[in-house]
Amino acid sequence: MRGFTLLELLVVVVIIAIILGFVTLGLGGDRRGDALADESRRFAALLELASEQAVLRGEEWGVRIEPQRYDFLRLTEQGWLAVADDPLWRVRPFAGGTRLDLELEGRELALAEAESEEDAPRPTLLLLSSGEISPFLATFSAAATEQRFRVSGNLLGELRWETLEAP
C-alpha cells in the first residue's frame, strides 16, 4: 500500500487554502458599504450631541458642511467660530469617494468648498438653543457600493438615520 508524498499533501493543502480564501472573500460583505454606514451614523450621532450641547449651554451652534468634510461652529460675539475647545468637534473629513447630497428645507443644496480660510465661517445647518434644527435630508452614497444611507432632521430637532433601498 502506497501513501501520499509530501508534495501531494502540500498541493492539496494549497488548493484547500485557495478555495477557503475565495469563500471568505465572497462572504466578506460590502466593506465600503459598512464604512459608509458607520460614517453616516457618526454624522447623525454628532449632530444629535451638538444639538444637545446647544440646548444645555444656551448657545447657537451650526454645522459647516463642505463636499469633503464637515465641522461644528458656535455663534459668539465675534460671529461664527469653529468649536476648538474639544477634539470631539474637530474637522471631520469624509472617506474618499463619499458623496453627500444635501437638501435643506426641501431644496437641493450644492455644497461648495470654503473660498478661503480668512472668510468668516458660515453654518450650513443651524442647531439652535431652543432645540430646533434646520430641516434637512443628507444622503450618503459612494460609487464603490450600492448601499445608501440618509440622515434627516426636522424643525423640532428630531434626527433620524435610515438605510435606503438600492437604486
Side-chain angles (χ1 to χ4, degrees), residues 28-167:
D30 183 357
R31 289 194 176 132
R32 182 59 182 117
D34 294 343
L36 192 62
D38 291 344
E39 191 164 20
S40 62
R41 280 191 190 108
R42 182 180 312 108
F43 179 78
L46 286 169
L47 281 179
E48 188 168 353
L49 188 58
S51 180
E52 291 170 1
Q53 286 292 312
V55 172
L56 289 172
R57 293 180 177 189
E59 299 173 334
E60 311 309 327
W61 281 48
V63 183
R64 176 176 44 182
I65 305 172
E66 297 175 0
Q68 303 301 320
R69 67 186 194 148
Y70 64 97
D71 65 338
F72 294 87
L73 308 172
R74 188 170 37 215
L75 186 60
T76 67
E77 292 176 0
Q78 293 82 30
W80 289 101
L81 297 176
V83 180
D85 57 355
D86 188 335
L88 179 65
W89 309 116
R90 69 186 182 279
V91 173
R92 304 271 178 164
F94 293 119
T98 298
R99 177 185 166 106
L100 179 66
D101 295 310
L102 186 65
E103 288 181 29
L104 187 57
E105 298 180 359
R107 291 180 291 201
E108 277 191 44
L109 182 66
L111 297 175
E113 296 285 343
E115 292 185 18
S116 75
E117 292 298 322
E118 290 113 26
D119 290 343
R122 294 188 330 202
T124 309
L125 302 176
L126 296 176
L127 311 169
L128 303 178
S129 59
S130 62
E132 297 171 281
I133 295 177
S134 304
F136 73 95
L137 293 172
T139 304
F140 288 78
S141 61
T145 181
E146 290 186 15
Q147 293 188 51
R148 297 181 315 145
F149 304 94
R150 178 176 289 158
V151 177
S152 59
N154 64 24
L155 194 56
L156 299 175
E158 300 166 335
L159 290 166
R160 183 174 169 193
W161 178 89
E162 61 187 320
T163 301
L164 300 176
E165 295 294 322

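Along the sequence shown, residues carry numbers from 1.
With hydrogens and angles disregarded, a donor-acceptor distance shorter than 3.5 Å links the side chain of Arg90 to the backbone of Pro87. A donor-acceptor contact shorter than 3.5 Å is absent between the side chain of Ser40 and the backbone of Phe149.
The heavy-atom pair separating Glu60 from Ser129 by the smallest distance is OE2-OG, 2.7 Å. Closest of all the heavy-atom pairs between Pro123 and Gly62 is CB-CA, 3.7 Å. Closest approach of Ser130 and Val55 over heavy atoms only: C-CG2, 4.4 Å. Heavy-atom minimum distance, Pro121 versus Trp80: CG-O, 3.2 Å. The shortest non-hydrogen separation linking Ala44 to Leu159 is O-CD1, 3.9 Å. Closest non-hydrogen pair, Thr139 versus Arg150, comes out as OG1-NE, 3.5 Å.
Around the CZ atom of Arg99, the shell of radius 6.0 Å holds no more than 12 heavy atoms that belong to other residues, nucleotides or ligands. Atom CD of Glu108 has 12 or fewer neighbouring heavy atoms from other residues, nucleotides or ligands inside a 6.0 Å radius.
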Criterion salt bridge (charged side-chain N to carboxylate O under 4.0 Å, His left out) on Arg148 and Asp101, from CA distance to verdict: CA-CA 11 Å; Arg148 297 181 315 145; Asp101 295 310; over 6 Å; no

side-chain contact (heavy atoms from CB on, under 4.5 Å) assessment of Leu49 paired with Trp89: CA-CA 10 Å; Leu49 188 58; Trp89 309 116; 3.7 Å; yes

Criterion salt bridge (charged side-chain N to carboxylate O under 4.0 Å, His left out) on Glu162 and Arg160, from CA distance to verdict: CA-CA 7 Å; Glu162 61 187 320; Arg160 183 174 169 193; 3.5 Å; yes

Candidate pair Asp85 and Arg74, rule side-chain contact (heavy atoms from CB on, under 4.5 Å), full reasoning: CA-CA 11 Å; Asp85 57 355; Arg74 188 170 37 215; 3.4 Å; yes

Pair Leu127-Ile133, side-chain contact (heavy atoms from CB on, under 4.5 Å): steps then yes or no: CA-CA 5 Å; Leu127 311 169; Ile133 295 177; 3.8 Å; yes

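Taking 4.5 Å as the limit, some side-chain heavy atom of Glu132 sits within range of a side-chain heavy atom of Leu155. Using a 4.5 Å heavy-atom cutoff, the side chains of Phe136 and Leu47 are in contact. Side chains of Thr145 and Asp34 form no contact here, defined as non-hydrogen atoms less than 4.5 Å apart.
If you check the side chains of Arg32 and Thr98, you find a donor sitting under 3.5 Å from an acceptor.
Put simply, CD on Glu158 and CD on Glu48 are 10.5 Å apart, with the number rounded to the nearest 0.5 Å. If you take CG on Leu125 and OG on Ser134, they are separated by 5.5 Å, rounding to the nearest 0.5 Å. Arg107 CZ to Leu102 CG: the interatomic distance, rounded to the nearest 0.5 Å, is 12.0 Å. To the nearest 0.5 Å, atoms CG (Leu100) and OH (Tyr70) are separated by 10.0 Å. The CG atom of Asp38 lies 15.0 Å from the CZ atom of Phe43; values are rounded to the nearest 0.5 Å. The CG atom of Asp71 sits 9.0 Å away from atom OG1 of Thr124, with the distance rounded to the nearest 0.5 Å.
Ring orientation note: the planes of Phe94 and Phe140 are nearly perpendicular, at an angle over 60° on the 30°/60° scale.
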